[in-house]
K.L.:
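Here you go, one structure.
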Amino acid sequence: MAIGCRAQQLVANKCFGKCTVRSAEYHKRARPICVLNKNVIQQKEQRIYEQYHQNYRTLYTSKNLAGTPRLSPQEVTSFLRANEHTQEFTTTGSVKSYDSNQLSSNNPIEDTRTEAQCLLTNGLLLGVFDGHGGASCAQVIAKRLFHYITVCLLPPDILHKYLNALENNETMELLNVYNDKVELVDELKILYEASFKIFVKELSQIKGNQRDFHMKEAMEKAFLRLDDDISNEALCKNDGKVNMKTLSIAMSGAVACVAHIDGPHLHVASIGDCQCVLGMLSDVSTWTAKKLTTEHNTDNHEEVERILREHPNNERDTIIKMERLLGQLAPLRALGDVKYKWSKSTLSNAVLPYYGETVIPPNYYTPPYLTACPDVTYHRLTPRDKFLVIASDGLWDLVSPLQVVRLVGEHMSGKVTLNPFRLPRKGMHISDINKMLLQRKEGLKMKPTDRNAATHLMRNALGGTEYGIDHVKLSHLLSIPQELVRVFRDDITITVVYFDSEYLRHCPP
Amino acid sequence: MMLHQRQIIHSLINTVTCRQCNPVLNSRHNLTSGPRLQSTALFPHKILDNGVGDESAVPLPKEAKVVVCGGGVMGAAVAYHLAELGWGPQTVLIDQGRCGGGTTWHLSGLVGVFKPSLPQVNLAKSSVQLYKDMDARGLKTGWKQCGSLCIARTRDRMTVFRRMKALAVSWNIDCDLVTPGEAQKLCPLIAIDDIQGGLWIPGDGVGDPYQICLSLIAAARKGGMQVIENCAVQQILNHNGKVVAVGTNRGTVECQYFVNCGGFWARKIGKMSEPYVKVPLHACEHYYLHTKPIPGLDPMTPVVRDLDGYIYFRENEGCLLAGGFEPVAKPAFEDGTIPESSAERILPEDWDHFHILLEQMLHRVPSLGDAVLERLCNGPEAFSPDCKWIVGEAPEIQNYYVAAGMKTIGISAAGGVGRATAELIVNGSSSYDMYELDISRFLGLHNNRKFLRDRVREVPGLHYAIIYPFHEFQTGRNLRMSPIYPKLREAGAVFGQVMGYERPTWFDPDYASGNDSDTKNGLHPYRIAYTNTYGKPPWFEFVRNEYSACREQVGLSDYSSFTKIDFWSKGTEVVDSLQYLCSNDVNIPVGGIIHTGMQNRNGGYENDCSLARIAENHYMMIAPTIQQTRCKAWIQRHLPTDGSVSLSDVTSMYTAICVMGPFSRVFLSELTDTDLSPKSFPFFTFKELDVGLANGIRAMNITHTGELGYVLYIPNEFALHVYTQLIEVGQKYGIQHAGYYAMRALRVERFFAFWGQDLDTTTTPLECGRSWRVKFDKNMDFIGRNALMKQRDEGVKRMYVQLILQDHDHEIDLWPWGGEPIYRNGKYVGATTTTGYGFTFKKQVCLGFVQNFDDKGTTQVVTPEFVTTGSYEVDVAGMRFPAKVNLHSPNLPTQYPDKERLAYRATRDIIDDIVGKRSILPSCPGSSDTQTRT
């Protein structure tokens with residue numbers, strides 16, 4: 001996230017050999033903290049990247065920047081498809097399938113994503129998390145947030161059962177997580193399990209009458225509690241020593257967008273500037289886009305007003321500077337980022353010794369300035385709602401919600417041609433077959449290169465022109481060297497969820 | 001395999017009843033016999049009990065004379081004809097599954113006699129005759145002579161039809177041009193608003209491939225042939241290059257002959273021997289649909305071919321069967337593995353791919369839209385890389401015959417090809433000339449799987465495409481290239497492909513490097529030759545300029561594709577061997593060159609070549625490009641078995657550059673120290689030269705077109721150097737590149753015959769004015785001598801002539817392109833072979849053969865008087881042009897006359913042959929010690 005100024009600044013500094021302390025520290029520490037036992041994503045991309053990177057170094061001269069494409073169409077395709085995932089659901093429900101994909105710009109990528117089926121309640125959870133100041137916070141959230149949300153959704157009896165299972169070390173899975181390629185180091189795992197157990201215990205102790213279930217509150221609670229836990233874990237000292245891992249997780253931050261789909265009920269909880277858009281097909285076969293989130297950044301007046309309201313009047317000029325919180329942070333809500341949440345004294349004691357003076361933001365008078373409380377929207381799905389796109393700002397920087405919806409809509413009709421035509425029934429008239437084939441021929445014209453809609457969006461967002469996909473443009477954007485790439489494109493994470501219109505048509509009101 | 005099992009059970013249970021009533025179920029019976037049958041079957045005719053019965057009970061014999069592999073219609077036809085010739089009891093037919101289980105199943109059953117060439121027509125006609133005969137004898141063939149109607153949407157297609165109509169006279173096919181209205185009368189189903197006309201062939205029809213297959217097998221079994229089913233061939237063993245046995249999963253059969261009729265498994269079977277037998281085939285998806293019965297459909301509806309819409313349709317048991325040959329086909333089994341069971345072989349139908357054809361079908365037959373689909377069949381069919389059948393004896397192993405690549409029209413081919421193959425096996429020769437279809441037309445490259453996969457995309461479409469003169473394939477190009485190829489490309493060469501070789505056909509100066517902006521990344525654009533008309537071709541002006549450079553200045557041409565073979569021996573065994581192989585006296589002085597034919601027993605040309613005597617015991621042979629595999633196989637079979645004569649194919653070692661024209665001697669002298677004056681380096685001699693800084697260049701003072709000139713055989717590593725030197729020094733002589741079309745124009749005008757175009761395995765030297773090249777006067781045996789002696793005594797029944805068309809306007813009239821009928825005094829006497837525009841005569845020149853038919857149509861002796869006393873006409877697409885006849889190579893007027901060449905006439909009358917020979921050829925000092933072979 002937070003493309004613009006910060007990135008450009010970083011790059012500029014680097015280019016002129018003046019590495020700022022902050023960026024250097026972030027990068028140095030971010031990596032060892034969230035050690036990944038298996039990170040297939042990065043390995044894959046890294047391999048492809050290294051392959052071309054070498055060539056690139058020799059080719060990379062200012063003269064050559066706008067020359068012939070450096071990647072062949074096949075190379076571009078393998079690059080774009082490296083992290084593709086498609087999940088199809090055979091059980092009846094509102095969700096037929098989803099496509100997801102990621103393309104990194106930062107190294108390591110700061111975006112994460114998770115999709116999971118709730119096992120103890122009904123519902124599918126899909127989330128996109130965009131980290132900043134390192135990837136660690138987003139990675140941790142991707143692993144933990146859904147557990148927090150799910151337990152908040154559990155009815156009391158199941159919650160008790162679950163707690164019992166936890167205490168007796170029995171396995172009772174909350175979630176079936178799809179396409180999970182990341183694992184946390186054991187040390188963190190143990191710590192997180194402990195925190196989580198406490199949370200479950202506390203939940204179960206809430207009196208019955210206080211347990212009127214509201215999705216909105218459950219979501220809010222889960223977000224806030226996880227944020228608190230991250231914060232507390234960072235302060236918790238082990239043998240009097242600061243745990244650098246948990247501290248750096250808390251020092252980095254992440255924005256999040258999570259959708260919960262249960263039958264026709266769609267809830268979206270979001271903080272920051274990820275976006276969630278619904279693709280709707282009207283009766284006259286035109287596509288419309290419905291935004292289900294509002295970004296929490298300085299473009300959002302209400303949000304700016306909220307923050308200003310929460311702080312004394314004399315801070316009005318210093319809280320939002322250069323379209324950023326305290327002149328530093330672009331999103332106005334986030335998980336982690338404790339240096340906008342902790343008191344000045346906590347920061348001085350716990351963080352300053354390791355991160356240096358710059359850790360305390362300027363004009364830091366009345367923290368917290370930042371919250372992890374999500375906006376939760378509800379939408380009841382109708383047969384017109386065909387798909388949902390959740391994506392990090394890496395995509396939305398390049399294409400508008402309506403463009404995205406049109407692209408996916410087009411892809412849906414073009415995609416059918418990727419499968420061979422089968423006669424729907426026996427004994428058909430040849431003229432009828434011909435009609436169907438003619439119609440299909442129209443679809444064949446739009447036959448997409450990619451089967452995965454997320455990849456289709458990436459390809460179009462990066463390489464799209466008025467005349468279709470421009471290979472040269474695409475090839476350039478994908479072969480920019482690591483030290484420059486962040487200026488031209490951000491990490492992109494996209495999840496496209498397809499709804500079953502037949503199911504929704506027959507859903508009881 | 002479900003079908004198979006079901007069918008075995010069926011055959012076990014129903015054998016008795018079936019045999020009693022009729023082994024052939026009618027199709028109505030089939031249609032009502034249950035949904036399962038319908039869903040699994042591919043062709044309306046289900047596998048029937050073929051009378052073979054309990055196949056496992058028949059033991060594999062230990063010995064047989066002939067093993068035929070493949071019980072499809074092709075194998076059945078070969079077996080049938082072997083039985084007809086009395087070899088039935090010594091023949092075994094083996095099939096890995098059940099007979100008729102391969103592509104025979106998928107054939108749409110069309111039998112059309114109009115094929116692209118006379119040999120193919122003769123084979124197809126023979127097939128039709130066979131089915132008619134069988135029908136008359138009460139054998140089931142499903143033969144129905146409903147005629148066939150081809151329709152034209154374009155004017156060029158009508159030209160094709162007019163040419164066909166003209167050709168039909170010489171090919172003896174009954175056919176008529178029809179108007180659109182008449183076409184609709186013949187077949188009321190068709191829409192005619194966009195058609196120009198049609199061609200009606202009443203003798204065509206349809207057959208049932210499966211019934212034909214079974215009837216042929218049944219007849220062959222009556223003749224004593226054994227059928228072994230469910231027996232897979234695994235190995236073909238040979239000893240000393242001759243077939244000795246066939247290994248199967250059920251044991252080994254010792255045999256003398258093997259016939260590979262494996263359909264699209266033929267290539268795989270080819271690999272079951274050591275050495276491999278190359279059977280270049282690749283399967284392609286082939287589609288056709290069946291409708292449900294259409295009420296009121298005339299059973300005698302002709303087969304309609306809407307060639308410009310790539311489609312055909314026919315009536316079949318009250319239903320319509322419609323298919324086609326789409327321009328871009330879809331290769332099947334691209335990884336090269338062909339499934340063995342028929343169940344796996346069923347390919348999923350690709351409706352999107354078929355839609356191209358479906359739209360055309362609905363366009364031509366609007367009422368088809370109301371018909372109900374029964375099923376769409378997608379059956380793989382095997383195609384050869386040149387869209388011709390593959391027949392004949394394998395060059396790799398003797399007595400190993402192949403009859404495959406029937407490319408969906410198996411039953412058109414089967415009768416004739418089966419007969420020809422059986423004749424070859426039994427008699428050693430066939431009444432059909434099949435060199436065009438001979439398996440030895442291929443090289444190893446043709447059998448490359450990827451080459452085949454790429455090539456077959458465009459092969460099926462050729463069935464219905466308009467094949468313009470000098471057709472070129474678009475795929476599998478840039479495969480064999482001479483070292484100077486990039487330079488030729490830069491010089492603006494437009495290429496044609498021959499035996500995989502890229503040969504310049506003409507040079508377009510506008511495309512030469514420097515004049516052309518298309519150059520990309522330093523690569524000069526590659527262009528494939530095209531003619532795309534039956535009239536004045538687009539390359540006319542280019543060829544004219546090249547022609548005149550060759551005649552008046554200096555022309556440079558790439559001859560690298562020519563077959564080049566070295567022969568040598570320790571002693572003079574090589575001379576003896578070649579004397580036996582060649583009809584001319586090859587015992588010439590060292591340094592001499594001689595033109596000679598290699599005849600077969602009947603005196604026909606198996607090969608036509610130049611032999612240069614490099615040393616006492618060493619010859620270099622230059623033969624036509626297309627002979628690279630074929631002539632080698634012929635020669636190898638007639639060389640001493642003790643290995644005393646060695647043969648080496650050096651085609652790929654030398655680049656051949658021909659420089660020709662009146663200045664070529666002076667010009668080449670500048671580049672070499674050797675004296676090139678006629679005294680030291682006369683016509684028809686050979687010398688090893690230094691050229692530029694290179695050495696070891698074999699220079700031959702001959703051209704293949706009659707100009708003064710030299711062909712330089714340059715070791716490949718020197719080729720670019722020599723070429724560069726030639727071009728540099730040649731500038732002041734106005735050197736110009738010349739392509740193959742210019743060469744052709746030169747030689748046609750000079751009346752030079754070429755093997756494979758004018759000469760074939762049935763043409764003798766006496767018939768083509770080359771008796772002066774036959775060593776009749778030497779008491780020396782050679783292959784074909786007796787036949788030629790006999791012909792010399794009896795006289796020839798056809799004679800090679802040159803016809804110069806009068807009143808033909810090359811700008812507006814359609815051109816002759818070969819195959820045009822020749823009329824003498826208004827009576828058909830023969831057909832042209834090759835044609836070309838004579839730039840010196842400024843007239844169209846046709847070469848061809850003239851015959852003398854009596855009133856009964858029997859051929860009589862043709863004398864020079866007969867030829868010269870007639871008045872001639874040539875029918876070009878329906879227009880008859882008067883023509884002047886020549887029996888001798890003419891002297892072309894030139895500004896730079898040259899004594900040696902003026903005296904040389906490649907084609908001569910028999911009378912002056914002896915005189916001509918004495919005056920040209922140096923006498924042979926070694927001729928006295930050559931031995932006579934018996």
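The chains referred to below are lettered A, B, ... by the order of the sequence lines, with proteins before strands, and numbering in each begins at 1. Since the structure is predicted, the reported quantities are computational estimates derived from the model, not experimental observations.
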K.L.:
Inspect the surroundings of NZ in A:K473 and state if more than 12 heavy atoms from other residues, nucleotides or ligands are less than 6.0 Å away.
P.N.:
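Above 12, so yes.
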
K.L.:
Hey, could you give me the CD1/CG distance between A:I433 and B:L362, rounded to the nearest 0.5 Å?
P.N.:
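Reported to 0.5 Å precision, the distance equals 9.5 Å.
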
K.L.:
Heavy-atom distance under 4.5 Å between the side chains of B:P348 and A:R422, does that happen here?
P.N.:
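Yes. Closest side-chain heavy atoms under 4.5 Å.
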
K.L.:
With sequence neighbours excluded, tell me which residues meet side-chain hydrogen bond (donor to acceptor under 3.5 Å, both in side chains) with B:R477.
P.N.:
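B:R477 satisfies side-chain hydrogen bond (donor to acceptor under 3.5 Å, both in side chains) with B:E472, B:E502, B:Y526 only.
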
K.L.:
Which atoms of A:L438 come close to chain B, meaning under 4.5 Å heavy atom to heavy atom: side chain ones, backbone ones, both, or neither?
P.N.:
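Interface part for A:L438: both.
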
K.L.:
Could you tell me if the side chain of A:N434 sits less than 4.5 Å from the side chain of B:H355, heavy atoms only?
P.N.:
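B:H355 vs A:N434: side chains touch.
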
K.L.:
Is A:R406 atom CZ crowded by more than 12 heavy atoms from other residues, nucleotides or ligands, each under 6.0 Å away?
P.N.:
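Check fails, neighbour count at 12 or below.
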
K.L.:
Please identify, among B:V372, B:L376, B:T291, the residue contributing the most non-hydrogen atom pairs under 4.5 Å to chain A.
P.N.:
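Option with the top pair count is B:V372.
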
K.L.:
Non-hydrogen atoms of chain A under 4.5 Å away: do they reach the side chain of B:L289, the backbone, both or neither?
P.N.:
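Side chain only.
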
K.L.:
Considering residues, nucleotides and ligands other than A:Q439, do more than 12 of their heavy atoms fall under 6.0 Å from its CD?
P.N.:
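Counting neighbours around CD of A:Q439, 12 or fewer heavy atoms of other residues, nucleotides or ligands fall under 6.0 Å, so no.
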
K.L.:
Working to the nearest 0.5 Å, report the span between CG of A:L437 and CD1 of B:I356.
P.N.:
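Those atoms lie 11.0 Å apart.
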
K.L.:
Show your working on side chain to side chain contact (heavy atoms under 4.5 Å, CB included) between A:F421 and B:D350 and close with a plain yes or no.
P.N.:
CA-CA 7 Å; A:F421 176 79; B:D350 180 345; over 6 Å; no

K.L.:
First locate atom CG of B:L358, then atom CD1 of A:I430, and finally report the distance between them rounded to the nearest 0.5 Å.
P.N.:
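Between atom CG of B:L358 and atom CD1 of A:I430 there are 7.0 Å.
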
K.L.:
Sub-3.5 Å donor-acceptor pair from the side chain of A:H429 to the main-chain atoms of B:A371, do we have one?
P.N.:
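No, A:H429 side chain to B:A371 backbone: no donor-acceptor pair under 3.5 Å.
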
K.L.:
Not counting sequence neighbours, list each pair that qualifies as a salt bridge (charged side-chain N to carboxylate O under 4.0 Å, His left out) and has a residue in residues 351-363 of chain B.
P.N.:
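Those involving residues 351-363 of chain B are A:R440-B:D352, A:K441-B:E359.
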
